[in-house]
Amino acid sequence: MEIKRILTGDRPTGKLHIGHYFGSLQNRVKLQNDGKMFIEIADVQALTDNFNNPEKVKGNVKEVLMDQLAVGLDPNKVTFFLQSMIPEIAELTVFYSNLVTIARLERNPTVKTEIAQKRELFGESVTYGFLGYPVSQAADITAFDATIIPVGEDQLPLIEQCREIVRKFNSIYGEVLREPTAFLGENKRIKGLDGNEKMGKSLGNAIYLSDSEEEITKKVMNAVTDPARIKKDDPGNPNICMVAYYHNLFSKDNVKNICEECKQGKRGCVACKKQLIKNIMEHLSPIQERRHYYEERPKEVREILFEGTNEAKKEAAKTMEKVKEVMKLDYFKDK
Ligand code: SF4
C-alpha cells in the first residue's frame, strides 16, 4: 500500500493559540500516524507580509516549533523543516510562476480576502511576493511530493490553484508532479473571547497554548457574556455568551447542564467563568508540561529542526532532479 505524504505548516508570526489547536493541531496529531508527515515552518511566506519585520519572523520560529511539539507532534514521526533552508522551493516557485497569470492570482478568493485584510500594509497596491504566495505554496507541496494537505475551508482555493499548476506543468513538460488533495478533517474555526470571528494577537482575544493561569484568568474574566444579566438569578442566554461557547470546547460533558442553569438563572457568571478557567487549565496542563520540557532543552529543539530540514532537503532534491530533467535544465549532469 502506498504511504500517504502529508504536508502542512505554519507561518512563524506568533505563538500558537487555541484557535490553531482546535482548527488544525489536533488533526495533525491524529494524522501523524497515517503517513509521512512534513511540517513546514513557513518563514519565507511569513515575510510576504512581514518583510519589514524579519526579527519577528525569526524570533517566532522556535516558538511555533515548541508549540507543535507541545501538543504531541512526535519528531520521530514528523519531519519539521524551515522553508528558507530549502532553496528548491524558491527554484520551483520561479518555474511555476510562468504557468500562472496575474489575473488568475487576483481572482483567487483566499488571496482576495487576505489582501483586503492587509490594506493597511499594502495600501492600494499589493506586492508581487504576496500576490504570488499561492505559487510558492504549490512549490512547498510539490517539492515533497505531498498529496494530502490538511486545510481549513477558506484555504481550498489555494489547493485548487496548486492542482492547476501541477496539471499545466505535467501537460507541458511531462508527468512528474502529483496533484494534491485537500484534507478538511474536523477543522473548526474558533471565535475569539470577544465574539469576533477571527482570533489573534492584534485583536487581544486569543488564549495561547503557553498562557499562564494568571493570563488565562484575566482573559476569561473579561470575556463577553450575556449583557442583559445583572443579577445571578436573571435568566441568561448562553447563545450570546462566549463563556458558554468556550465551555462547549473545554467542558463538553457538562455543557448542557451549564446552559440549562444559565437559562434558569441558577448560575452566576463569575462561578461559570472560574469553572471554565479550571477546565481550560486541565486541558492545557499536559501541553504546557511538554512545552516546558522543550523550553529547558533549546539544543534538542534546534537539533529537531536541523535534522528535519536536512531530511526535507534530500526529499526536495529528488523532486528537483525530475523537474529539471523534463524542463531540459539538467546541464552538466554527467560532471
Ligand atoms: Fe455566560 Fe455562564 Fe453567565 Fe450564562 S452564567 S451568561 S453561560 S457566563
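We're numbering straight along the sequence, starting at 1. Atoms within a ligand are numbered from 1 in the order they appear, just like the ligands themselves. Note that this is a predicted model, so its numbers are computed, not measured.
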Heavy-atom pair of closest approach, residues Val44 and Gln83: N-OE1, 3.1 Å
Side-chain donor or acceptor of Asp211 paired with backbone N/O of Tyr208 under 3.5 Å: yes
Whether Asp10 side chain and Pro12 backbone form a donor-acceptor pair below 3.5 Å: no
Sub-2.8 Å protein N, O or S atoms surrounding atom 2 (Fe) of ligand 1: Cys272 SG
[X] with [Y]: basic N within carboxylate O range, under 4.0 Å:
X: Glu214; Y: Lys218; result: no
X: Arg167; Y: Glu160; result: yes
X: Lys219; Y: Glu215; result: no

Atoms of ligand 1, numbered as shown, that sit under 4.0 Å from any heavy atom of Arg229: 3 (Fe), 4 (Fe), 5 (S), 6 (S)
